[in-house]
Structures are given as C-alpha cells and as structure tokens.
Amino acid sequence: MNTNGKIQLYIVPRIAAWLILGIFIGYLSFSILPAWTWWVAMGVLTLVACFVKRPIANSVLLMVAVMCLGGGVVSMRLSKLNRSFLPHDNVYHAVIATQPVERGKVVRCELLVLDEKENYRIQAAILRDTITGRYRHISVGDGIEFYSHVEPFPVSQNADSHFNYYSWLQRQGVVGQVFINHLSWRKLSLDISSLSLLQRVRLSMLRFRERLVGQLADSGLEGQQQAIVAAMALGDKSALSKSTREAFSITGASHVLALSGLHLGIIYFLGTFLIRRRKWNTPFQIVSLAAIWAYAILVGLSPSVVRSATMLTVYGLLSIVHRTQRPLNALAIAAVIMLLYNPLMLWDVGFQMSFMAILGIFVFYQPLFHLFGQLHNPLVRLLWGMVCMSISAQMGVFPLIIYYFGRFSCYFFLTNFIAIPAVYVVLCCALAFFLFSFIPVVRAFFALVLQTVVGWLLAVLEWFSSIPSASIDHINITPLQVLMIYGLIGCLYGIIYYLHKGYVQAGLRRNR
C-alpha cells in the first residue's frame with residue numbers, strides 16, 4: 001500500500017523528467033530525425049504498452065512514449081522557427097507588439113508581422129528622425145507599414161557569457177530582425193482580426209499599462225523613481241537606466257524589478273503561510289488565484305508572469321482538491337503544461353530561474369520558518385517570513401545567476417531584507433494610487449509615499465553597491481559545477497530538515 005502510494009506520488013515528476021529528456025534529445029537530433037519519426041515511435045510504444053501486462057515493462061514503455069512526445073513537440077517548434085525570408089526589400093504590414101524604447105540612434109521594439117500564411121514576430125530597430133520626431137507618436141498596438149529586408153538572427157554569441165541574446169529571442173518566438181530607415185515606414189490602421197484572442201487581449205492590456213505609466217509620470221514621480229515604480233508594479237523596465245540596473249544587480253536585488261516567480265510567489269505564499277486556518281483555505285486560494293491572473297493580464301501576460309501564474313495555479317488547485325500540499329507534483333504539472341506549449345522554454349533563463357526560485361521557496365521556506373519553533377508575535381512572524389522567503393528563493397537561483405551572469409552578490413541577504421518589504425509597500429501604494437487617481441489629494445499622498453520609499457530604496461542599494469567587494473564578478477563555472485552546487489544545497493536542506501525534525505521531537509518529549 002505504501003509502495004503504491006509512493007509510486008503515485010512521484011508519477012508526475014517522472015513524467016516531467018522523461019518529457020525533459022525527450023525535449024533535450026529531440027533538440028540535439030533535430031537535423032537528423034524529423035518530427036514524424038517521434039510521433040510514430042510514440043504511437044507504437046503506447047499501443048504496445050496497452051497489451052503488456054507486467055507493471056514494470058508497461059511503465060517503462062509509457063515513459064519512453066512520453067520521451068518521444070517531448071522529441072516530437074520540440075521538433076515541431078524548431079521547424080516553425082526555421083523561417084526563410086525574402087532575399088530583397090519588401091513591403092510588410094505589422095503591429096507594434098512591445099512599447100518602443102529609444103536606444104542610441106534607433107528605436108527598438110518587437111513587431112508582429114501580419115502574413116497571409118502565418119503571423120510571425122521580429123525584432124525591429126527603427127532609425128530615429130530627429131527633425132519630425134515621428135517615432136514619438138507610435139506606441140504598442142499601433143499598426144505600421146514598412147519597406148525593408150527582414151533577415152534571420154546571427155548564430156554567433158559572446159564567448160564570455162553563457163547567455164545568447166538571439167537564442168533567447170528565438171525561444172520567445174521571435175524569428176528574425178529588421179532595420180527600418182526613418183523614411184521607409186508610416187503609421188497605418190490595420191485589421192488585426194487575424195490575431196488570436198490572446199494576442200489581442202495582450203495588446204489591449206499593454207496599451208492600458210502605458211496609460212497607467214503615464215499617470216505615474218503626471219503624478220510628480222520623475223526619472224528613476226518613476227522607472228522603478230513602473231518596473232515593480234507594472235513590469236515595465238524600459239525606462240530603467242544602466243546605473244540603476246547595475247546597482248540592483250550588484251546588490252542581488254534585481255529580481256524585485258522583474259515580475260516573475262519570486263514576485264508573484266512572495267504575494268501568494270506569505271499570505272498562505274501566515275493564514276493557517278484550514279476552513280479559509282478554499283476561498284483564500286480562489287481569491288488569490290483570481291487576483292494573480294487579473295494582475296498577469298494587467299501587465300500584458302509576459303512569459304515570465306504567465307509561467308509563475310501557471311505554477312501557482314497548479315499548486316493552489318492541488319491544495320484545494322487534495323487538502324495536502326505536494327509542491328513537487330505542482331511544479332512538475334506546471335512544467336509539463338508549459339513545456340508542451342513551448343518546449344524551448346527548457347533553455348530559457350527566465351524559465352529556469354522562475355522554476356528554481358519557486359522550488360527553493362517550496363523546499364526551504366517551511367523548515368526555515370519553523371527553525372526556531374512557533375513565533376507568536378505577528379510582526380516577528382512577518383519579518384522572519386520575509387527573511388525566509390528571500391533566503392529560500394536565493395538558494396534556488398544563485399547557482400544559475402553565477403553560471404549565466406558570472407556574478408555573486410555578497411550582501412544579497414541584507415539587501416533583500418530591505419528590498420522585499422519595499423516591494424510590498426510599492427505594490428500596495430501603487431494599487432491605491434491607481435484606484436483613487438480621481439481624488440487629487442489621495443493620489444498626491446500615495447505618490448509622495450512611492451517617491452519616498454523608492455528614493456530611499458535606491459539610495460540604500462547604491463550605497464551597498466559602492467562598498468568594496470559588494471559582488472564577486474567574472475565567475476566562470478561549468479554546467480557540472482552548477483549541478484555540484486545544487487548537490488551541496490541539497491545536503492544543506494537535509495541538515496536544516498533534521499534540525500527542525502529534532503526540535504519538533506524534543507518539544508513533543510517535553511510536552512509528555
């Protein structure tokens with residue numbers, strides 16, 4: 001009975017592991033094995049498994065079939081990315097899919113090209129016209145007509161970094177790039193009925209988000225204070241300066257600028273663990289998940305937010321149905337859903353860091369939170385919960401940060417103890433600011449609070465970043481070393497778990 005229970009408990013993680021293996025093999029063998037071979041193999045293995053009576057053999061056949069499923073979906077995805085473009089200039093009609101951002105002499109944005117066969121996304125650099133300033137009048141959701149040559153991405157990458165920007169764009173579904181002369185485009189009203197419902201909703205929400213960013217600008221928030229509030233509350237990081245990004249990066253607080261697993265996880269899990277009454281579980285889960293998805297739609301359904309919301313939704317629904325929280329199953333189900341939708345997420349830095357941040361919270365939060373026994377003071381519980389949340393998430397992601405960005409922040413514990421409460425204040429005040437924007441006095445009050453909190457946070461982080469040895473840079477480690485670091489983290493978890501278990505048993509003996 002126990003054995004069957006254990007098998008049932010770990011069946012979803014096993015499916016996820018075999019799916020990931022199939023995606024990895026299919027990616028490596030894409031030029032050799034076409035997609036149909038994977039589908040045929042999956043069908044044959046599934047059919048054979050229906051007639052095999054031995055449980056072990058049946059399980060192996062089904063798991064290999066899942067592996068073939070992974071190979072098939074990644075082969076299909078890769079075939080869509082290998083798009084051929086016309087070798088000469090041509091007229092294109094497209095919708096601006098991201099807010100245009102000035103970068104030097106050009107304006108960069110993402111375009112959704114409307115094609116008779118299939119719409120596709122490209123990265124665009126539009127040359128700025130400083131005389132007429134036409135580029136200032138285009139925004140996300142606008143249609144344009146341009147005459148230029150669309151070309152594929154280069155295959156080279158920075159040898160000093162494990163992060164390939166062009167490969168990252170391709171994994172997001174962007175298939176090419178284009179440079180547009182300032183005389184070769186014009187704004188145009190286009191019929192976007194060929195776009196999917198999700199794409200149209202996303203464009204509408206991004207337009208709405210730009211109006212909210214405009215309200216922040218009109219409130220008196222200026223410069224990097226406005227940029228930080230827009231990043232924390234609305235997920236718009238386009239106005240962040242290089243020096244601000246560097247200050248957050250050196251101090252290990254970059255994650256508070258990105259709406260991702262850690263961001264939504266803090267909101268969801270602190271409330272979940274601070275409210276422990278069983279009778280409130282179902283309504284709290286429903287309200288929390290509804291709020292998370294409403295927020296995800298508001299910020300434009302960016303990939304990182306959708307990933308995080310999906311993970312939390314699976315976890316919340318399992319909590320409602322089973323009344324017991326099995327985080328490994330929740331993460332595995334979320335991973336299967338997202339990898340079937342886009343198998344190339346497996347190589348995406350954002351996917352890996354979101355996944356590992358939430359896994360770190362799942363694994364480390366409760367043992368750390370209860371390490372010193374029951375905390376009865378609500379303020380102490382809240383502060384200690386924030387500390388545990390920061391440590392848990394960092395334990396999950398710091399090996400990846402070192403691998404991809406070659407940096408380890410030495411003061412991440414202290415800075416996150418400051419930055420995470422600031423996120424809560426910014427989110428609450430920004431929500432109140434937008435809800436009561438029609439009342440000038442209330443709006444001015446919350447704008448002042450936002451300005452004070454963000455200004456103080458930026459000053460503190462800049463001070464920490466100026467301390468000698470605030471970060472260790474230019475670290476170069478291999479994937480094997482990343483796995484070894486995670487092995488050490490696993491050993492640390494074992495120590496914390498047994499310390500907590502021993503504390504609980506000692507408490508039970510005292511009570512007896």
Side-chain angles (χ1 to χ4, degrees), residues 12-52 56-87 113 115 117-123 150-159 161-177 303 307 332 335-352 355 400 403-404 478-483:
V12 181
R14 286 168 58 201
I15 291 174
W18 281 91
L19 181 69
I20 290 172
L21 178 62
I23 291 172
F24 187 74
I25 296 174
Y27 183 86
L28 295 178
S29 61
F30 171 68
S31 59
I32 303 173
L33 297 175
W36 65 266
T37 58
W38 292 103
W39 300 124
V40 170
M42 185 185 72
V44 171
L45 289 168
T46 305
L47 184 63
V48 172
C50 294
F51 295 97
V52 174
I56 296 179
N58 183 273
S59 177
V60 170
L61 287 171
L62 290 176
M63 290 299 106
V64 177
V66 170
M67 183 188 74
C68 294
L69 173 63
V73 293
V74 74
S75 297
M76 289 183 61
R77 187 76 179 188
L78 288 171
S79 62
K80 290 183 179 180
L81 293 180
N82 288 342
R83 190 181 185 94
S84 59
F85 301 103
L86 296 174
V113 179
D115 189 75
K117 297 180 179 179
E118 185 181 13
N119 302 330
Y120 56 92
R121 293 156 57 193
I122 59 174
Q123 190 77 4
V150 180
E151 55 188 12
F153 292 121
V155 295
S156 61
Q157 74 172 53
N158 184 0
S161 173
H162 295 288
F163 178 72
N164 188 326
Y165 176 68
Y166 296 115
S167 296
W168 177 81
L169 284 175
Q170 286 183 310
R171 290 163 193 155
Q172 305 301 318
V174 182
V175 297
Q177 60 183 350
R307 273 196 304 267
V336 168
I337 293 172
M338 290 184 287
L339 290 175
L340 287 177
Y341 173 74
N342 182 5
L344 294 180
M345 281 186 180
L346 183 62
W347 286 271
D348 182 67
V349 179
F351 173 81
Q352 294 174 12
F355 193 91
L400 295 177
Y403 176 71
Y404 285 113
T478 65
L480 178 60
Q481 289 171 321
V482 173
L483 294 176

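Computed from a prediction, not measured in an experiment: that's the story for all the values here. Values below: every heavy atom of this structure, side chains too, minus hydrogens, waters and symmetry copies.
Although no hydrogens or angles enter the test, the distance criterion places a donor-acceptor pair under 3.5 Å between the side chain of Gln481 and the main chain of Thr478. The closest donor-acceptor contact from the side chain of Gln352 to the backbone of Leu346 lies under 3.5 Å.
Contact of the Phe51 side chain with the Asn58 side chain is not registered, since no non-hydrogen atoms from C-beta on lie closer than 4.5 Å. In this structure the side chain of Gln177 reaches within 4.5 angstrom of the side chain of Pro154, judged on heavy atoms.
To the nearest 0.5 Å, the span separating CE on Met67 from CD1 on Ile15 amounts to 14.5 Å. For the atom pair CG (Leu78) and NZ (Lys80), the distance works out to 11.5 Å, reported to the nearest 0.5 Å. With rounding to the nearest 0.5 Å, the separation of CD in Glu151 from CD1 in Ile122 is 10.5 Å.
In terms of heavy atoms, Phe351 sits closest to Asp348 at N-OD2, 3.0 Å. In terms of heavy-atom proximity, Val150 sits nearest to Phe85 at O-CB, 3.3 Å. Considering every non-hydrogen atom in both Leu339 and Leu19, the closest pair reads CB-CD2, 4.2 Å. Residues Ala332 and Val12 come closest through the heavy atom pair CB-CG1, 3.5 Å. Residues Val174 and Gln123 approach most closely at CG1-N, 3.6 Å, considering heavy atoms. In terms of heavy atoms, Leu45 sits closest to Cys68 at CD1-SG, 3.9 Å.
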Identify each donor-acceptor pair in which a side-chain atom of residues 23-37 lies under 3.5 Å from a protein atom, sequence neighbours left out, and give them as a table.
{"from": "Ser29", "atom 1": "OG", "to": "Ile25", "atom 2": "O", "distance (Å)": "2.8"}
{"from": "Thr37", "atom 1": "OG1", "to": "Pro34", "atom 2": "O", "distance (Å)": "2.6"}

Notebook entry, point to check: Run the side chain to side chain contact (heavy atoms under 4.5 Å, CB included) check on Leu344 and Val74 step by step: do they pass?
Noted result: CA-CA 7 Å; Leu344 294 180; Val74 74; 3.9 Å; yes
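Heavy atoms of other residues, nucleotides or ligands lying less than 6.0 angstrom from CD1 of Ile56 number 12 at most.
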